[in-house]
Structure formats: structure tokens, C-alpha cells
Amino acid sequence: MKLYVNESMAKFRPFIEQLPALFDEGDLIFQGRNTIRSFVVEGERITVKRFRKPSGFNAFCYGHLRKSKARRAFEHATELVRLGIQTPEPIGYREDYHGIWIRETYLITRFSDYRPISEITNRFPAEGTAEALDAFAAFVVTLHQKGVLHGDFNNSNTQWKRDEKGDYRFELIDINRMQFRGRELTRKESLHNLRRITCQLTAYSYIAGRYGELRGWDSYYTQLACAKRLSTFIAQRNRRYALKAFLRRR
């Protein structure tokens, strides 16, 4: 077992040390490939994400040749906080092994009450949604100007809420696939990253146009360039899904 706890969060260490035995007692938030539960520990609500067990060679690779998903997510969250980009505050991570094979891995963060940006994109152009998407486009510009490249940047992995002043706030989740370039992203890199926001076309076009304006680019060109990349991305994704479905039937 390997365990790391942020020095400022040491009060959570006893809970994390017992986590495998306690995990199923938490309140279920999400059940899928990974499982997310919430707990009240030391009077505070926290969130624990248990990643799916790696199989085959990955069970060795993630423990020795590559960082585990939990460790990468924790380190990426720490870097996002350093850059002033919102993400659930990282508390620690845990890796459990059976011999040389990695098994369960856990990411522990503070609880977040933010909600998926899809709540807004699905309602666009209803009243108030344009203002929210303006703020979202500005958030994406900030990410790219700070060199942040989210490898799974879709409208489920960006969350939002309004603060007490009524301003829109955004945060990133599912961040184990992420790169920090240390420089502003190029136009090609930026547009390529935007293709993963697979919301309805009217909302997507609006976001792309506002994003282009904020970067000082031609809005119409940005919309066309993004639409082309989105179309290619969806077609490639659908082919992968079809191939997987075919192989499962064999």
C-alpha cells in the first residue's frame, strides 16, 4: 500500500488508512467504470473516487512504469490549484497492491457542489444561458492561456455554479489525463482541445465564437474550424464504438 496525504490535511489520514474497509459505507454519487462516494470525516464532507482495477499488463505498468490514475489526478489537482484554476481541493491518494500488481487506487478530495456545464448547454438559448456560456468561454481561454490541456475536456468534466455575488464559477474534474505546457496554447492546440465539448451544435457554435473573440481571432473562422474538428472527432468516436460493439458480438 502507498498513501500520500497533503500536509495541511493530516487529520484525514486515519480515515484514508482504513479506506478500503469503509468505502462501501459512503453515500454513492456515481457508479460506473469508476465509483465515487462521499463521506463526512472530522466534521467535513469529502469525496473519494475509486478507480477501476487495471487489468493485464496495466496492473504492473501503473504501479511501476507509470503513475497510477489516482496519483496523476492528485498531482494535476495540486498544479491546478497552484495556477489558480478551480478543482475539488486535493486531500490525498492511496494505492493498494497485491504483490507487484496494483489493485484499487483512490483519489480523496474535498466535496464539491458544482454541477455539470451540460445543464447550461442543454438549455441554450434559454434565458440566462448566453451569459453563462460567455463566462464559460472566458474560463476556457484562461485555461489555454495558462497552458492547461485537459485530455478529456467534455461538458461533463467541467462543472459550474454561481457564487454569492452571482458570478459564474467553473471547475475541472476527471483530470488524470492532463498536460501542463508551461506556455500559452497555440491556435491549433486550442481548437483541437475544444472539439471534445460535444454539446448541442447551437451551444457549441456559440462557445466557439465567443472563445475566438476573446482570443482576438475571427469569430466566424473559429466557429467553422471548431465545427470541422468536432465533426471529425464524433465520426472517429462512433467508428470506435461500432468496432467495440462488433468485437463484443464475436
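Residues take their numbers from the sequence shown, with the count starting at 1.
For Leu149 against Arg181, the heavy-atom pair with the smallest separation is CD2-NH2, 3.2 Å. The two atoms that bring Ala137 and Leu214 nearest to each other are C-CD1, 3.9 Å, heavy atoms only. The two residues Ile102 and Pro54 have their closest heavy-atom pair at CG2-CG, 3.5 Å.
Judged by distance alone, with hydrogens and angles left aside, the side-chain atoms of Arg94 form a donor-acceptor pair with the main-chain N or O of Glu17 at under 3.5 Å. In terms of modelled atom types and a separation under 3.5 Å, the side chain of Tyr204 and the main chain of Cys226 share a donor-acceptor contact. In this structure a side-chain-to-backbone donor-acceptor pair under 3.5 Å is present from Asn157 to Asp152. The backbone N or O of Ala225 lies less than 3.5 Å from a partner atom in the side chain of Arg229, making a donor-acceptor pair. For Gln179 (side chain) and Gly151 (main-chain N/O), no donor-acceptor pair under 3.5 Å exists by modelled atom type. Proximity of a side-chain donor or acceptor of Arg196 to a complementary backbone N or O of Phe153 within less than 3.5 Å is not detected. Proximity of a side-chain donor or acceptor of Glu42 to a complementary backbone N or O of Phe15 within less than 3.5 Å is not detected. Of the possible donor and acceptor atoms, none in the side chain of Asp167 sits under 3.5 Å from a partner among the backbone N and O of Asp163.
The environment of Lys228 atom NZ is sparse: at most 12 non-hydrogen atoms of other residues, nucleotides or ligands sit within 6.0 angstrom. Heavy atoms from other residues, nucleotides or ligands lying under 6.0 Å from CD of Glu127 number 12 at most. Counting heavy atoms of neighbouring residues, nucleotides and ligands inside a 6.0 Å radius, atom CZ of Arg183 exceeds 12 of them.
No side-chain heavy atom of Val40 sits less than 4.5 Å from a side-chain heavy atom of Phe111. Side-chain contact between Ile117 and Phe139: absent, with no pair of heavy atoms (C-beta onward) separated by less than 4.5 Å. By the 4.5 Å heavy-atom criterion applied to side chains, Met178 and Leu80 are counted as neighbours. Annotation: side chain of Arg187 is not in contact with side chain of Thr222 (no heavy-atom distance under 4.5 Å). Contact annotation: the side chain of Met9 never approaches that of Glu44 to less than 4.5 Å [non-hydrogen atoms, C-beta and beyond]. The shortest side-chain heavy-atom distance between Tyr97 and Lys2 falls under the 4.5 Å cut-off. For the pair Met1/Glu95, no side-chain contact is recorded, criterion being any heavy-atom separation below 4.5 Å from C-beta on. At a threshold of 4.5 Å between non-hydrogen side-chain atoms, the residues Pro20 and Asp96 count as touching.
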Query raised in the report: Are His144 and Asn193 close enough, and set up right, to give a side chain to side chain donor-acceptor pair (under 3.5 Å), and what steps lead you there?
Result: CA-CA 9 Å; His144 290 171; Asn193 194 221; 2.9 Å; yes
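Between atom OG1 of residue Thr109 and atom CG of residue Asn6 there is a gap of 12.0 Å, rounded to the nearest 0.5 Å. The distance from atom OG1 of Thr142 to atom CG of Leu83, rounded to the nearest 0.5 Å, is 11.5 Å. To the nearest 0.5 angstrom, Thr78 atom OG1 is 9.5 Å from Glu89 atom CD.
A salt bridge between Glu213 and Arg210 is present, with a side-chain N of the basic residue lying under 4.0 Å from a carboxylate O of the acidic one. A salt bridge does not link Glu79 with Lys146: every distance from a Lys NZ or Arg NE/NH1/NH2 to an Asp or Glu carboxylate oxygen is 4.0 Å or more.
Applying salt bridge (Lys or Arg N to Asp or Glu O under 4.0 Å) to Glu104 and the options Lys53, Arg50, Arg52 leaves one that passes, Lys53. The side-chain contact (heavy atoms from CB on, under 4.5 Å) test with Val41 is passed by exactly one of Ile91, Ile16, Ile46: Ile46.
A ring-centre distance under 6.0 Å is not found for Tyr168 and Phe136. Taking the centre of each ring, His192 and Phe233 stay at or above the 6.0 Å mark.
Arg169 forms no cation-pi arrangement with Trp160, by the criterion of a distance under 6.0 Å to the ring centre and an angle within 45° of the ring axis.
Ring pair Phe23/Phe39 is tilted by interplanar angle, where 30° to 60° counts as tilted.
Cluster membership for Val140 and Phe124, using ILVMFWY side-chain heavy atoms within less than 4.5 angstrom, is shared. Both Ile85 and Phe180 are part of a single hydrophobic cluster, where members link through side-chain heavy atoms under 4.5 Å apart.
Donor-acceptor pairing under 3.5 Å is lacking for the side chains of Arg123 and Thr129.
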